[in-house]
Amino acid sequence: MKQFFTAGILAWNELQNDRSMPWKQEKDPYRIWLSEIILQQTRVEQGRPYYERFISAYPSITELADAPDEEVFRLWQGLGYYARCKNMLAAARTVARDQNGRFPDTYEGISALKGVGAYTAAAIASFAYNLPHAVLDGNVYRVLARFFGIDTPTDTTAGKKLFTQLAQDVLPVQQAGTYNQAIMDFGAVVCKPQTPLCKSCRLSSQCVAFQKGLTDLVPVKSKKLRIKKRYFYYLLLGKGSLRYVRKRTGKDIWENLHEFPMIETPAPVTDAELLASPAFRALVGPGAVTIEQAFPERKQQLTHQTIHARFLRIGPEKAISPPEGFRAVSAAELELLAFPKIIVDFLKG
């Protein structure tokens, strides 16, 4: 059964796989690493133009390592999960500083880089060097769970151990890179989460899920994702064309990105409640101010959170004190700073 599975994946890849991506067949470990970092938590269609822009701006890992943080974050803007960008820069600088710009060529060396987990290390090791390490991402979990009829939850210790071993067992060690790319493509194109192409699938004759009608039931997760709602009120404060901004710090979303003065509340509040809050007064100072313009609510969906944001123009300008920790920037400088997508979309109108 395992031999049938591996042979089937490789045959499908050779005869039917027409999924095109700019990093496929790539052997440069820097470009492979860059694509894998960009594609963490990002769909291929969204990640492709970012990959191409990064390769154009920074053709080598040393050029990326030498780039200013703000420039790199600005290029990353819109991809989300900004810790990836921060870790990417740290890893690039480690390679440039400690390894003379030469990308590691062992699984252990790759794994030691900041932001590189087991999946990413296996992908780079196999794609760049054909090292026999099996990848295990959402697509691979799904293909293995369906074909072998596994109902052990993928998000448990037992499940991770079982799937890790199975993924390694079906890996053809002499064709590790080709096979790893093939099984991920197969999961994306054929064995899709919804409406998989079971009737035309070359593996269906021995696929346990298909034969037993379990396709919609596996893979299994033991924990249901809980989405937290957060309510952000951005205050547009400034003098003339200047706006007050600061860089976000702390271990929260959007670390190192810029923002306007903001008040977060546990639930939606009215304009009157916002104006009467101590947090509002702490930001605008003691002057008599009001909401001069309120813009429609905007939403941004993150993996575990939904951000509900409102942008409020506060005035009159002469009554506003500069908020502590913020600096005034011009409209031209706003264009050069990295912001969360929800603010970028607002600024674009």
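Residue numbers run from 1 in the order of the sequence given. Predicted model, so just to flag it, every value in this text is computed and none were measured.
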Novice: Considering non-hydrogen atoms only, spot the tightest contact between Ala188 and Asn139 and give its length.
Specialist: N-OD1, 3.6 Å
Novice: Are Phe280 and Tyr234 in one and the same hydrophobic cluster, where Ile, Leu, Val, Met, Phe, Trp and Tyr link if side-chain heavy atoms are under 4.5 Å apart?
Specialist: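 No, Phe280 and Tyr234 fall in different hydrophobic clusters.
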Novice: Could you tell me whether the side chain of Leu113 reaches within less than 4.5 Å of the side chain of Phe103, counting heavy atoms only?
Specialist: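 Side chain of Phe103 against side chain of Leu113, heavy atoms only: contact under 4.5 Å found.
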Novice: If we check side-chain hydrogen bond (donor to acceptor under 3.5 Å, both in side chains) with Tyr119, which of these qualifies: Gln40, Glu36, His133?
Specialist: Glu36
Novice: Please say whether more than 12 non-hydrogen atoms of neighbouring residues, nucleotides or ligands are located less than 6.0 Å from NZ in Lys24.
Specialist: yes
Novice: Side chains of Leu75 and Tyr58, heavy atoms from C-beta outward: is any pair under 4.5 Å?
Specialist: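 Answer yes - side chains close enough.
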Novice: Establish, yes or no, whether a centroid distance under 6.0 Å links the rings of Phe163 and Tyr141.
Specialist: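 Yes; Tyr141 has its ring centre under 6.0 Å from that of Phe163.
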Novice: For residues Lys161 and Gln165, determine if any side-chain heavy atom of one lies less than 4.5 Å from a side-chain heavy atom of the other.
Specialist: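 Side chain of Lys161 against side chain of Gln165, heavy atoms only: no contact under 4.5 Å found.
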Novice: I need the minimum non-hydrogen distance between Ile263 and Ser277, along with the two atoms involved.
Specialist: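 What the structure gives for the nearest pair is CD1-OG, 4.4 Å.
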Novice: Does Lys341, at its NZ atom, have more than 12 non-hydrogen atoms belonging to other residues, nucleotides or ligands within less than 6.0 Å?
Specialist: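 At most 12 heavy atoms, drawn from other residues, nucleotides or ligands, come within 6.0 Å of this atom.
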Novice: With under 30° as parallel and over 60° as perpendicular, where do the rings of His308 and Tyr231 fit, or are they tilted in between?
Specialist: parallel
Novice: Is Asn130 reaching over with its side chain to a backbone N or O of Gln174, donor-acceptor style, under 3.5 angstrom?
Specialist: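 Side chain of Asn130 to backbone of Gln174, a donor-acceptor pair under 3.5 Å: yes, one is there.
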Novice: Less than 3.5 Å apart, any donor N or O on the side chain of Glu63 or Ser60 sitting next to an acceptor on the other?
Specialist: yes
Novice: What pair of heavy atoms forms the shortest contact from Ala67 to Val72, and how long is it?
Specialist: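 Taking Ala67 first and Val72 second, the nearest heavy atoms are CB-CG2, 3.6 Å.
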Novice: Assess whether atom CD of Glu14 is packed by more than 12 heavy atoms of other residues, nucleotides or ligands within 6.0 Å.
Specialist: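 Not buried by this count: 12 neighbours or fewer within 6.0 Å.
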Novice: Are Glu335 and Arg74 close enough, and set up right, to give a side chain to side chain contact (heavy atoms under 4.5 Å, CB included), and what steps lead you there?
Specialist: CA-CA 9 Å; Glu335 294 290 324; Arg74 182 75 181 177; 4.0 Å; yes
Novice: Any donor-acceptor pair under 3.5 Å linking the side chain of Arg142 with the backbone of Cys191?
Specialist: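 Between the backbone of Cys191 and the side chain of Arg142 there is a qualifying donor-acceptor contact (under 3.5 Å).
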Novice: Which heavy atom of Tyr129 sits nearest to which heavy atom of Pro104, and what is that distance?
Specialist: OH-O, 3.0 Å
Novice: Tell me whether Asp252 is salt-bridged to Arg230, with the criterion being a basic N under 4.0 Å from an acidic carboxylate O.
Specialist: yes
Novice: Of all heavy-atom pairs between Ile342 and Phe311, which one has the smallest distance, and what is that distance?
Specialist: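 Result for this residue pair: O-CZ, 3.9 Å.
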Novice: Are the side chain of Arg281 and the backbone N or O of Gly285 linked by a donor-acceptor pair below 3.5 Å?
Specialist: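 Indeed, once roles are kept as given, a pair shorter than 3.5 Å links the two residues.
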Novice: Under the criterion side chain to side chain contact (heavy atoms under 4.5 Å, CB included), I'd like the reasoning laid out for Phe346 against Leu236: C-alpha separation, chi angles, the key distance, then a yes or no.
Specialist: CA-CA 11 Å; Phe346 170 76; Leu236 304 176; 3.6 Å; yes
Novice: Rounded to the nearest 0.5 Å, what separates atom CD1 in Ile291 from atom CD1 in Ile314?
Specialist: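 Reported value, rounded in 0.5 Å steps: 5.0 Å.
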Novice: Please find the pair of heavy atoms, one from Ser222 and one from Asp155, that lie closest to each other, and give the distance.
Specialist: N-OD1, 2.9 Å
Novice: Can you list the steps and then say if Glu259 with Arg246 is a side chain to side chain contact (heavy atoms under 4.5 Å, CB included)?
Specialist: CA-CA 6 Å; Glu259 66 178 355; Arg246 72 174 177 187; 3.1 Å; yes
Novice: Counting neighbours of NZ on Lys212 that are heavy atoms of other residues, nucleotides or ligands and sit closer than 6.0 Å, is the number greater than 12?
Specialist: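 Open.
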Novice: So, the side chain of Gln46 versus the backbone of Gly78: is there a donor-acceptor pair under 3.5 Å, distance only?
Specialist: yes
Novice: Taking Asn87 for the side chain and Lys114 for the main chain, is one N or O donor matched with an acceptor at less than 3.5 Å?
Specialist: no
Novice: Would you confirm whether Glu70, through its side chain, and Ala338, through its main-chain N or O, come within 3.5 Å as a donor-acceptor pair?
Specialist: yes
Novice: Should Leu235 and Leu283 count as side-chain neighbours, where that means a heavy-atom distance under 4.5 Å?
Specialist: yes
Novice: Which pairs of donor and acceptor atoms, one on a side chain in residues 1-12, lie under 3.5 Å apart (sequence neighbours left out)?
Specialist:
| residue | atom | partner | partner atom | Å |
| --- | --- | --- | --- | --- |
| Lys2 | NZ | Asp169 | OD2 | 3.4 |
| Thr6 | OG1 | Lys2 | O | 3.2 |
| Thr6 | OG1 | Val170 | O | 2.7 |

Novice: Can you find a heavy atom in the side chain of Ile55 that is under 4.5 Å from one in the side chain of Leu34?
Specialist: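 Contact flag for Ile55/Leu34 side chains = yes.
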Novice: Hydrophobic clustering (ILVMFWY, side-chain heavy atoms < 4.5 Å, transitive) - are Ile307 and Phe260 grouped together?
Specialist: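 Yes.
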Novice: Quick check: does any side chain N or O of Glu26 sit under 3.5 Å from a backbone N or O of Ile32, one acting as donor and the other as acceptor?
Specialist: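 No, Glu26 side chain to Ile32 backbone: no donor-acceptor pair under 3.5 Å.
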Novice: Under 4.5 Å between any side-chain heavy atoms of Phe186 and Leu203, yes or no?
Specialist: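 A side-chain contact exists here, since the closest heavy-atom pair is under 4.5 Å.
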Novice: Check the hydrophobic clustering (I, L, V, M, F, W, Y; side-chain heavy atoms under 4.5 Å; chains of links allowed) and say if Val143 and Leu197 are grouped together.
Specialist: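 In one cluster: yes.
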Novice: Does some side-chain heavy atom of Phe339 sit less than 4.5 Å from a side-chain heavy atom of Leu257?
Specialist: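 No, side chains not in contact.
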Novice: Give a yes or no on whether Arg102 atom CZ has more than 12 heavy-atom contacts from other residues, nucleotides or ligands under 6.0 Å away.
Specialist: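 Count not over threshold, so no.
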Novice: Same cluster or not: are Met262 and Trp254 linked, directly or through other Ile, Leu, Val, Met, Phe, Trp or Tyr residues, by side-chain heavy atoms under 4.5 angstrom apart?
Specialist: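 Same hydrophobic cluster.
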Novice: Determine yes or no for a side-chain-to-main-chain donor-acceptor pair under 3.5 angstrom, with Arg84 supplying the side chain and Ile37 the backbone.
Specialist: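 Side chain of Arg84 to backbone of Ile37: a pair is present.
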Novice: For the hydrophobic clusters of this structure (ILVMFWY residues joined by side-chain heavy atoms under 4.5 Å, transitively), does one cluster hold both Ile183 and Val44?
Specialist: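 Yes; tracing contacts between hydrophobic side chains, which count when under 4.5 Å, links both residues.
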Novice: Any sub-3.5 Å donor-acceptor pair from Lys239's side-chain atoms to Ile320's backbone N or O?
Specialist: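 Checked: pair present.
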Novice: Is a side-chain N or O of Asn180 found less than 3.5 angstrom from the main chain of Ala123, in a donor-acceptor match?
Specialist: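 No, Asn180 side chain to Ala123 backbone: no donor-acceptor pair under 3.5 Å.
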Novice: Is there side-chain contact between Ser204 and Lys199, with heavy atoms separated by less than 4.5 Å?
Specialist: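 Side chain of Ser204 against side chain of Lys199, heavy atoms only: no contact under 4.5 Å found.
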Novice: Where do Val344 and Leu347 land on the side chain to side chain contact (heavy atoms under 4.5 Å, CB included) test, with the steps shown first?
Specialist: CA-CA 5 Å; Val344 172; Leu347 291 173; 5.8 Å; no
Novice: So does Asp98 have more than 12 non-hydrogen atoms from other groups sitting under 6.0 Å from CG?
Specialist: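 More than 12 within 6.0 Å, yes.
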Novice: Quick test of your reading of the model: are Asp185 and Arg19 salt-bridged, counting only N-O distances below 4.0 Å?
Specialist: yes
